[in-house]
Amino acid sequence: EKGNHRHFMAKEIHEQPEVVGRTLAHYVDLANGRVALPEALPFDFKDLSRLSITACGTAYYAGLVAKYWFESLARLPVEIDVASEARYREPPLDKAGLTLVISQSGETADTLASLRYAKSQGQHTLAVVNVPTSTIAREASAVVPTLAGPEIGVASTKAFSCQLTVLLCLAIAAGRARGTLSAERERELVDALITVPGLMADATKLEGEIELLAREVSKARDVLYLGRGTSYPMALEGALKLKEISYIHAEGYAAGELKHGPIALIDESVPVIVIAPHDAIFEKTVSNMQEVAARGGRIILIGDAKGAAAAGLDTMATVTMPDLDPVVAPIVYAVPIQLIAYHTAVFMGKDVDQPRNLAKSVTVE
Ligand code: M6R
């Protein structure tokens with residue numbers, strides 16, 4: 001049931017503080033400030049020389065964020081591809097290596113085929129899945145569930161933030177196992193994770209201003225999303241969310257790629273949504289924003305007060321997010337990204353829960 005909400009998507013966006021909190025409680029030992037996976041995994045992260053990730057759509061973008069986490073926290077090289085490519089490419093996979101698949105439904109045909117291919121190569125398979133009775137959950141050698149509860153809206157929202165939560169916990173566990181993450185840094189990260197549900201609730205309070213902003217976005221024919229580091233996959237996710245429910249053409253780009261082509265698109269008619277928490281690479285993104293501003297582009301900055309002040313740029317709008325540890329930023333920044341897409345589509349009168357041509361689970365190739 002939708003409760004007080006107009007759409008399942010709205011309900012599911014607003015449920016995130018609760019379901020991310022529930023997922024965290026499952027993966028974090030609060031008393032000792034460390035990640036504690038609910039079940040022992042049938043492999044050891046320290047024996048791996050590489051991790052292969054495969055998934056589709058929004059779940060793939062969660063995997064792309066996780067690539068940054070596994071590489072930085074656990075120094076584990078990650079190879080990631082969309083399942084529809086990975087399954088036919090049949091990449092060489094080490095025997096006893098690890099393939100991680102991510103799926104809300106656990107029924108996506110291409111993701112399932114990639115999982116079966118990995119098994120046929122003698123790999124361990126680990127599935128981050130939301131539906132515990134699904135085919136992928138049954139066939140993977142180990143399952144780390146997301147506890148988002150049933151997701152009805154076709155646009156994935158709460159499953160995505162729960163996927164990110166589980167993946168960050170896995171990357172922390174991998175970092176500990178591989179000796180690349182100190183107990184002190186783990187405690188800091190766990191402290192940051194614990195604040196996430198509250199920060200997400202704070203982010204939902206920006207809804208009124210995002211609703212106004214969405215009216216501007218709805219006038220655009222094209223929208224560009226930019227980000228660096230973990231904000232790059234968030235830019236891809238923002239663009240997917242907007243296009244699938246509002247039918248506005250949107251593209252996500254790595255901010256540094258702007259000058260390699262997409263800058264040609266910039267003029268006053270193309271809103272440029274920049275996702276940029278004040279992290280170690282923030283200044284690099286500021287120079288990209290300057291390039292956009294110099295060409296009359298209208299910037300919508302999703303960042304924090306420190307960043308907005310440091311950038312000192314004229315933006316069309318700034319969505320001011322709370323201060324946080326940049327490692328957890330993607331989980332919290334998912335909220336405004338989803339709200340922008342949601343309110344743009346609602347303002348345009350689109351059917352946000354059942355967008356045209358799309359199905360909730362894609363069980364055909
Ligand atoms: O059930 P899955 O997570 O395997 O689904 C993967 C994609 O089909 C899904 O994320 C799709 O991209 C959503 N409509 C995105 O909002």
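Just so you know, ligand 1 is whichever comes first in the structure, and atom 1 is the first atom listed for that ligand.
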Residue and atom name of the nearest protein heavy atom (relative to [atom]), distance in Å to one decimal:
{"atom": "atom 3 (O) of ligand 1", "answer": "Q104 N, 2.6 Å"}
{"atom": "atom 6 (C) of ligand 1", "answer": "C56 O, 3.3 Å"}
{"atom": "atom 9 (C) of ligand 1", "answer": "T58 N, 4.1 Å"}
{"atom": "atom 8 (O) of ligand 1", "answer": "V362 CG2, 4.0 Å"}
{"atom": "atom 5 (O) of ligand 1", "answer": "T108 OG1, 3.5 Å"}

*Only one of H14, E15, Q104 clears side chain to side chain donor-acceptor pair (under 3.5 Å) with K158; which?*
E15

*Any N or O of V154 closer than 3.5 Å to N or O of ligand 1*: yes

*Would you mind reporting whether K119 and Q123 have side-chain heavy atoms less than 4.5 Å apart?*
no

_I want to check something: taking the side chain as every heavy atom from C-beta on, are R221 and S269 in contact at a cut-off of under 4.5 Å?_
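No, side chains not in contact.
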
Side chains of [X] and [Y]: donor-acceptor distance under 3.5 Å anywhere?
{"X": "N288", "Y": "R228", "answer": "yes"}
{"X": "Q16", "Y": "T157", "answer": "no"}
{"X": "E207", "Y": "H343", "answer": "yes"}

_Applying a strict under-4.5 Å side-chain criterion to I, L, V, M, F, W and Y, I'd like to know whether L98 and Y117 cluster together._
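Cluster IDs for L98 and Y117 differ.
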
*Cluster question for you: counting only ILVMFWY and a side-chain heavy-atom cut-off of under 4.5 Å, with indirect links fine, are I273 and I299 together?*
no

_Ring centroids only, cut at 6.0 angstrom: are F282 and H278 within range, meaning strictly under it?_
yes

Please could you name the atoms of ligand 1 that [X] approaches to less than 4.0 Å, counting only its heavy atoms?
{"X": "S156", "answer": "15 (C), 16 (O)"}
{"X": "A155", "answer": "16 (O)"}
{"X": "S105", "answer": "1 (O), 2 (P), 4 (O)"}

*Have a look at ligand 1 and work out which part of K360, if any, has a heavy atom under 4.0 Å from it: side chain, backbone, both or neither.*
neither

*Indicate, as side chain, backbone, both or neither, the part of E244 found under 4.0 angstrom from ligand 1 when only non-hydrogen atoms are considered.*
side chain

*Looking only at heavy atoms of K241, does any of them come nearer than 4.0 Å to an atom of ligand 1?*
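A heavy atom of K241 does come that close to ligand 1.
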
*Non-hydrogen atoms of L358 versus ligand 1: any pair closer than 4.0 Å?*
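Contact absent.
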
